[in-house]
2 protein chains.
Amino acid sequence: MTRDAQPRDAENASLLGFRHHDHGACVADALASADARCADEGLRLTPVRRKVLELLLQEHRALGAYAILDLLRDAGFGSQPPVAYRALDFLVENGFVHKVERLNAFVACAHPGQAHSPAFMICRMCDAVAEAQSLPAKGALGAAARAAGFQIERTVVEAEGVCPTCADKADA
Amino acid sequence: MTRDAQPRDAENASLLGFRHHDHGACVADALASADARCADEGLRLTPVRRKVLELLLQEHRALGAYAILDLLRDAGFGSQPPVAYRALDFLVENGFVHKVERLNAFVACAHPGQAHSPAFMICRMCDAVAEAQSLPAKGALGAAARAAGFQIERTVVEAEGVCPTCADKADA
DNA sequence: CGCAATAATGTTATAAAATCACATGGGGGT
DNA sequence: ACCCCCATGTGATTTTATAACATTATTGCG
């Protein structure tokens with residue numbers, strides 16, 4: 001794991017959109033809205049699941065399953081891999097969290113509620129991840145899929161590059 | 001690894017474009033053109049590297065690093081993971097092979113020579129992989145990146161769904 | 001309520017994917 | 001010949017993910 005489990009400070013906690021924002025409120029809001037949606041839809045946002053979501057919202061960056069597992073252990077939950085993976089499965093399945101395939105890591109959804117095809121911008125220097133929307137079925141890929149008779153169910157769109165912060169540093 | 005290393009028969013060898021084609025010639029052509037390009041550019045297409053490319057062209061589907069490693073062993077090469085990973089690194093770096101992040105697997109490039117951003121259609125039923133072109137920087141993602149000041153260097157675009165063959169089977 | 005069925009969690013073990021570190025060998029160029 | 005660089009071989013380890021099974025908590029139903 002290159003991403004460690006500890007830092008929860010302001011610098012790390014504000015990277016997701018490549019810009020700063022009011023984080024405490026954003027975590028609380030997201031949790032509350034997750035509670036609401038689960039109640040609505042009869043989903044069970046159990047303590048482990050809620051804690052994993054909270055951790056990902058808190059950190060506001062992509063975390064590997066084992067980093068999450070460390071934090072779970074610290075919080076008094078089970079510390080074997082399936083504990084983390086099962087919670088993540090639930091959260092991903094229900095759109096609260098996305099998996100970043102390129103990093104084998106997980107990040108809280110930045111646009112919860114709305115159905116969407118997420119796209120990610122991943123900084124290769126600092127591993128910051130920003131979520132954007134993508135409409136992959138609209139472009140060249142969608143055309144190719146229609147031509148081939150392929151039915152798209154889900155898409156992975158991830159751009160690797162350099163975030164503005166790291167680009168500035170590199171210039172200096 | 002769920003994909004095994006053995007089958008090299010006609011059925012498996014013709015899935016990449018979700019359609020049949022003359023495979024023997026296509027492998028030979030691709031290898032010859034790789035030889036030519038490497039000679040041109042001073043790249044060293046060594047025996048292991050060439051063998052890995054040949055295997056991927058031959059199989060014509062995505063193979064995990066360890067499946068490749070098994071085939072390398074059968075062909076008399078070293079059988080420790082770095083042997084396969086190093087050859088794959090070279091081939092990916094130089095565009096002869098792509099990594100399919102969703103599958104942690106590798107596939108020979110279907111459009112060698114031309115610089116391109118590959119996109120993949122991955123059948124969740126049979127794991128067949130077809131390569132298409134994508135222009136991710138043109139769409140919503142490109143706009144988001146420009147807005148955020150993010151410099152895209154490389155993109156991963158992968159669609160998961162059902163290929164025409166499997167869709168037909170499911171209908172029946 | 002009491003009980004069965006279902007879903008979630010805990011835990012042990014193991015598989016699969018990827019990398020590190022260091023020794024060995026093969027081809028150029030001088 | 002020698003050196004240097006790059007590639008390969010090998011053993012060990014790290015990181016990521018799943019299998020299998022026991023236990024506990026929830027839900028629905030009579």
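Here is the naming used below: chain letters follow the sequence lines, and residue numbers restart at 1 for every chain.
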Distance, nearest 0.5 Å, that separates NZ of B:K99 from CG of B:L88:
9.5 Å
So how far is it from B:E131 CD to B:F120 CZ, rounded to the nearest 0.5 Å?
4.5 Å
Distance in angstrom units between B:L43 CG and D:dC5 C1', rounded:
16 Å
From CG of A:D70 across to P of D:dT15 the rounded distance in Å is 11 Å
Could you check how far CG of A:L88 sits from C1' of D:dT15, rounded to whole Å?
15 Å
For nucleotides 4-7 of chain C, which of its nitrogen or oxygen atoms have a protein nitrogen or oxygen under 3.5 Å away, and what is each distance?
none

Nearest-Å distance for atom pair CG/P, residues A:L69 and C:dT11:
12 Å
Given C:dT9, is OP1 or OP2 found less than 4.0 Å from the side-chain N or O atoms of A:T46?
yes
In whole angstroms, the gap separating P of C:dA16 from CZ of B:R102 amounts to 18 Å
Between CD of B:E59 and CD of B:E54, what distance do you get to the nearest 0.5 Å?
11.0 Å
CZ of A:F150 to CD1 of B:I122: how many Å apart, nearest 0.5 Å?
7.5 Å
Are A:H98 and A:H116 an aromatic pair, judged by ring center distance below 6.0 Å?
yes
Taking B:D89 first and then B:R86, would you say they form a salt bridge - that is, a charged N and a carboxylate O separated by under 4.0 Å?
no
List, with names and distances, any nitrogen or oxygen atoms from the protein found under 3.5 Å away from nitrogen or oxygen atoms belonging to nucleotides 17-21 of chain D.
{"residue": "D:dA17", "atom": "OP1", "partner": "A:K99", "partner atom": "NZ", "Å": "2.7"}
{"residue": "D:dA17", "atom": "OP2", "partner": "A:Y85", "partner atom": "OH", "Å": "2.9"}
{"residue": "D:dA17", "atom": "O5'", "partner": "A:Y85", "partner atom": "OH", "Å": "3.3"}
{"residue": "D:dA17", "atom": "N7", "partner": "A:Y66", "partner atom": "OH", "Å": "2.4"}
{"residue": "D:dA17", "atom": "N6", "partner": "A:Y66", "partner atom": "OH", "Å": "3.3"}

Sequence neighbours left out, what passes ring pair (Phe, Tyr, Trp, His ring centres under 6.0 Å) with A:F96? Give chain and number order.
none
Any chance you could measure A:R154, atom CZ, to B:R124, atom CZ, to the nearest 0.5 Å?
12.0 Å
Whole-Å distance between D:dT10 C1' and B:F77 CZ?
17 Å
For A:L63 and D:dT15, what is the distance between atoms CG and P respectively, to the nearest whole Å?
15 Å
Distance in angstrom units between B:F90 CZ and D:dT8 C1', rounded:
14 Å
How long is the straight-line distance from CE of B:M125 back to OG1 of B:T165, given to the nearest 0.5 Å?
11.5 Å
